[in-house]
Amino acid sequence: MNIAHRDSIMFRANASVKAMGQLSHIKLKPDFTVCRKLAGFHRLTVRWKSNTRPAPILMAAPVRALIDEQISIRGHFLPLHCPVTVHARMHSDEGDLWESFAHYYANESGALSLTRDPSVGGSYLGCEPMGLFWSMQPAPGEREGLRLRKKNVETPYVVHISLLEGHVSPSEGQSTELAAVTAERWYIAPGVKRIEINQNRLVGTLFIPPGPGPFPALLDLWGMGGGLQEYRSSLLASRGYVSFSLAYFGHKDLPGPLNRINVRDSYFKAAFHLLQDHPQVVSDRVGIIGLSFGCYLMLRIATKTGVKPSCLIGINGPAGSTVPLSDSDGRTEQFESFQKYWNFDDEGRVIFKEVSLPANILPENFVKLEKLDCPLMYIVGEDDLSASSIENADLIEESLRSASKGHLFTRLSYPGAGHLIEPPYSPNARASMWSIKPKKLITMWGGHPGPHAAAQEDAWKKMLDYLEKNLRS
C-alpha cells in the first residue's frame, strides 16, 4: 500500500531541465534565491552562481512515503567531480533536532545519486541509499539520552534534505546551501482508521486498514518502557493487518502503581478476543507480536490463557518473566525490586542483559514452551545489551525440539544488531534515558548503526513474508 501512488508528482529530470531552460534567458543577480512550491507540499530552493549555467537541483522521489519505503535522492547540474555534502535534519515530536550528513563527489556528468554513489565521509560510509535516515543522531546540544519514537502517527516526520558545497560538517560552522528538498516520512497510510480503545478495562489503540475487510490481525505488545506505543501497529495496518497496540502497565488509565504489572492474564485474553470478535477481522487469522518483555507476555498468552494465535513474532525477549510474579495470574512485583543482576558500565549506564539469562530466571517464571502449538519467529540482535536474546533463542529452540515441535521455530539472528529492532530506516539508539526519578538512569540497548540498520531492513521484510504465509495463505 504505497502512499506515493496517491502523490505521484515527482521532480523528474526532464521537467527540471525545461524549467531551467526557460529561466536561463532571465538575467539574475548573483546569489539570487528562487523558491518554487511544487505539488502542494514540496519546496525546491535553488541558488544561482551565474546566469549562463543551470543551478544545482536536488530531487527526492517519492517525497511522501511510508517509513519502511525507500526514497531516491539525486542531484543534478553540479560541477564535474565536485565535492558536496548531503545534509538531512528533522524535529522529533518532542521538538528535538535530529540530523545526519554524508560526503559525496559528483560524477563525470555533474550528477549525484545516493542509490548509486558511495559516501566517503560523514554519518556513514559506502553506498547506502537510506543512510541519511537510519544514521540520524540528536544534533549537538540536544538533550541527553534521546531515543527517536513517533508519538503522533497521524503526522509525518518532515525531513529537510539539503545539498551543501564542499565536504563540510554542518554543525561546525557556516555552509553554502546549493539546493534543498523536503520529504515526508509516514507511519500511517491514507485510509487507515485509528480507534482509541478504553472499554471493558482494556487500554490501547486499534488500527484498521482501508477497505471492507475482513483482514488478518495482530496483537502488538511492547516492553518494560511501559505506556502505549502506536507506530508499529499503524505501520502494520498500512500493510493490511488490523493491529491492536495494547498498554499493560505504565499508563494513566490502568491500575497503579506505574512500575508494576497489575493486570491479569484475563486482560490479555480479552484483548485477543477483541480482535477475534471484530467484524473486520478474520477470526482464525490472529497473531501476536512482542518486543522484549512483550515477547515473554506473547509466549505466556499463547501457552496459558486458552487463546489460539495463528502465529507469533518475538523480538529480543525472554522465555520467562524477568520480574518476580506476585501471583500465578501474571501480576508482578515492582520492577526495581529485583536488581541483583543489573550491571553498569564505566559511565554508570545500566545493562539489563544478565537479568534475562535463563540461569537467572526463577524456575516458576518460565513459560511452558511445550504447550506452544503455532509457528514462532524469534528475532535476535547479537549485540543486544538489554536482554540475553541468544541464550533465550537457544532455550526456546531446544524446548520445542524436545517436544517434537522444532518445525514451529524460525530464528533470524543478526550480528551487530542491538535490542531495539524496529521498522526499517529508523535510527538506532545504542543507549537512551531509562528513568529520571528517583534518579537519572541511562540504559544500554546495544547495536552498531550499519549492522543494526541492515538487520531492521531484512527482519521487517521477512516478518511481512512470514505474516503473509501464516495469516493470509
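- Using modelled atom types, one side-chain atom of His452 and one backbone atom of Leu420 make a donor-acceptor pair closer than 3.5 Å.
- For the pair Arg300 and Phe268, the NZ or CZ position fails the cation-pi test of under 6.0 Å to the six-membered ring centre and within 45 degrees of the ring normal.
- Residue Gly110 comes nearest to Leu80 through the heavy atom pair N-CD2, 3.4 Å, listed as atom of the first residue, atom of the second, then distance.
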CA sep, side-chain torsions, deciding dist, call: Tyr241, Ser233, side chain to side chain contact (heavy atoms under 4.5 Å, CB included)
CA-CA 9 Å; Tyr241 299 91; Ser233 279; over 6 Å; no

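- Scanning all heavy atoms of the two residues, the minimum distance from Leu471 to Gly287 falls at CD2-N, 4.0 Å.
- Asp253 contributes no side-chain N or O that, together with a main-chain N or O of Val203, makes up a donor-acceptor pair within less than 3.5 Å.
- Rounding to the nearest 0.5 angstrom, the gap separating the CE atom in Met59 from the NE2 atom in His76 is 3.0 Å.
- Looking only at atom types and distance, the side chain of Glu457 has a donor-acceptor partner in the side chain of Tyr425 under 3.5 Å away.
- The backbone N or O of Leu221 sits less than 3.5 Å from a side-chain atom of Arg232, completing a donor-acceptor pair.
- A side-chain donor-acceptor contact under 3.5 Å links Glu382 and Ser413.
- The shortest distance between side-chain heavy atoms of Glu347 and Ile442 does not fall below 4.5 Å.
- Contact between Pro318 and Ser292 at its shortest, heavy atoms only, is CD-O, 3.4 Å.
- Judged by distance alone, the side chain of Asp383 and the main-chain N or O of Gly416 form no donor-acceptor pair under 3.5 Å.
- To the nearest 0.5 angstrom, Leu385 atom CG is 11.0 Å from Trp445 atom CH2.
- A donor-acceptor distance shorter than 3.5 angstrom exists from the side chain of His103 to the backbone of Val168, with no hydrogens or angles considered.
- A donor and an acceptor atom, one from each side chain of Arg430 and Asn428, are nowhere located under 3.5 Å apart.
- Atom CG of Leu235 sits about 10.5 Å away from atom CG of Asp220, to the nearest 0.5 Å.
- Here the straight-line distance linking atom OG of Ser119 with atom OH of Tyr104 works out to 5.0 Å at 0.5 Å rounding.
- Contact check for Glu165 versus Cys82: no side-chain heavy atoms found under the 4.5 Å cut-off.
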I'd like to know whether Ile288 forms a side chain to side chain contact (heavy atoms under 4.5 Å, CB included) with Leu297, so could you lay out the CA-CA distance, the side-chain angles of the two residues, the decisive distance to 0.1 Å, and finally the verdict.
CA-CA 10 Å; Ile288 310 175; Leu297 291 172; over 6 Å; no

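- A 6.0 Å sphere centred on CD of Glu196 holds no more than 12 heavy atoms belonging to other residues, nucleotides or ligands.
- Annotation: the span from Leu312 atom CG to Leu376 atom CG amounts to 5.5 Å, rounded to 0.5 Å.
- Electrostatic pairing of Arg143 and Glu94 does not count as a salt bridge here, judged by no charged N lying under 4.0 Å from a carboxylate O.
- Note that the CD1 atom of Ile67 and the OG atom of Ser234 stand 10.0 Å from one another [nearest 0.5 Å].
- For an aromatic pair to be called close, the ring centres must be under 6.0 Å apart, and His167 with Tyr105 satisfies this.
- Here the side chain of Ser175 pairs no donor or acceptor atom with the backbone of Pro170 at under 3.5 angstrom.
- In this structure, Tyr157 has its ring center no closer than 6.0 Å to that of Trp98.
- Glu69 and Arg239 are joined by a salt bridge, as a carboxylate oxygen and a charged side-chain nitrogen come within less than 4.0 angstrom of each other.
- The local environment of NZ in Lys151 is crowded, with over 12 non-hydrogen atoms from other residues, nucleotides or ligands closer than 6.0 Å.
- Using modelled atom types, no side-chain atom of Asp68 and backbone atom of Pro423 make a donor-acceptor pair closer than 3.5 Å.
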Please lay out, stage by stage, how Phe249 and Val263 fare under the test side chain to side chain contact (heavy atoms under 4.5 Å, CB included).
CA-CA 8 Å; Phe249 86 98; Val263 296; over 6 Å; no

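- Each of Phe344, Tyr341, Trp434 was scored for a ring-ring contact (aromatic ring centres under 6.0 Å, His included) with Phe352, with one residue passing: Trp434.
- Looking at Arg185 and Phe133, their side chains come closer than 4.5 Å, going by heavy atoms from C-beta outward.
- Taking 4.5 Å as the limit, some side-chain heavy atom of Leu228 sits within range of a side-chain heavy atom of Ser245.
- For Gly348 against Leu441, the heavy-atom pair with the smallest separation is O-CD1, 4.5 Å.
- One finds no salt bridge joining Arg74 and Asp117 here, because no Lys/Arg side-chain nitrogen approaches an Asp/Glu carboxylate oxygen to under 4.0 Å.
- Lys340 is not listed as a side-chain neighbour of Asn360, based on a closest heavy-atom distance of 4.5 Å or more.
- Ring-centre distance between Trp222 and Tyr231: below the 6.0 Å cut-off.
- Put simply, the side chain of Ser356 reaches to within 4.5 Å of the side chain of Thr322, judged on heavy atoms.
- A distance-only check finds a donor-acceptor pair linking the side chain of Lys150 to the backbone of Thr155 [under 3.5 Å].
- Leu412 is listed as a side-chain neighbour of Lys462, based on a closest heavy-atom distance under 4.5 Å.
- Proximity of a side-chain donor or acceptor of Ser243 to a complementary backbone N or O of Phe207 within less than 3.5 Å is not detected.
- Of the possible donor and acceptor atoms, one in the side chain of Asn316 sits under 3.5 Å from a partner among the backbone N and O of His419.
- For the residue pair Val158 and Thr182, the shortest heavy atom distance occurs at CG1-CG2, 3.4 Å.
- Here the side chains of Val323 and Ile261 are not in contact, with every heavy-atom distance at 4.5 Å or above.
- In plain terms, the two heavy atoms of Ser135 and Ser123 that are nearest each other are OG-CB, 3.4 Å.
- For the side chain to side chain contact (heavy atoms under 4.5 Å, CB included) with Ile73, the qualifying choice from Val181, Leu132, Leu163 is Leu132, the only one to do so.
- Looking at Asp384 and Lys353, no side-chain N of the basic residue comes within less than 4.0 Å of a carboxylate O on the acidic one, giving no salt bridge.
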List the steps and the verdict of side chain to side chain contact (heavy atoms under 4.5 Å, CB included) for Leu112 and Val86.
CA-CA 10 Å; Leu112 166 69; Val86 184; 3.8 Å; yes

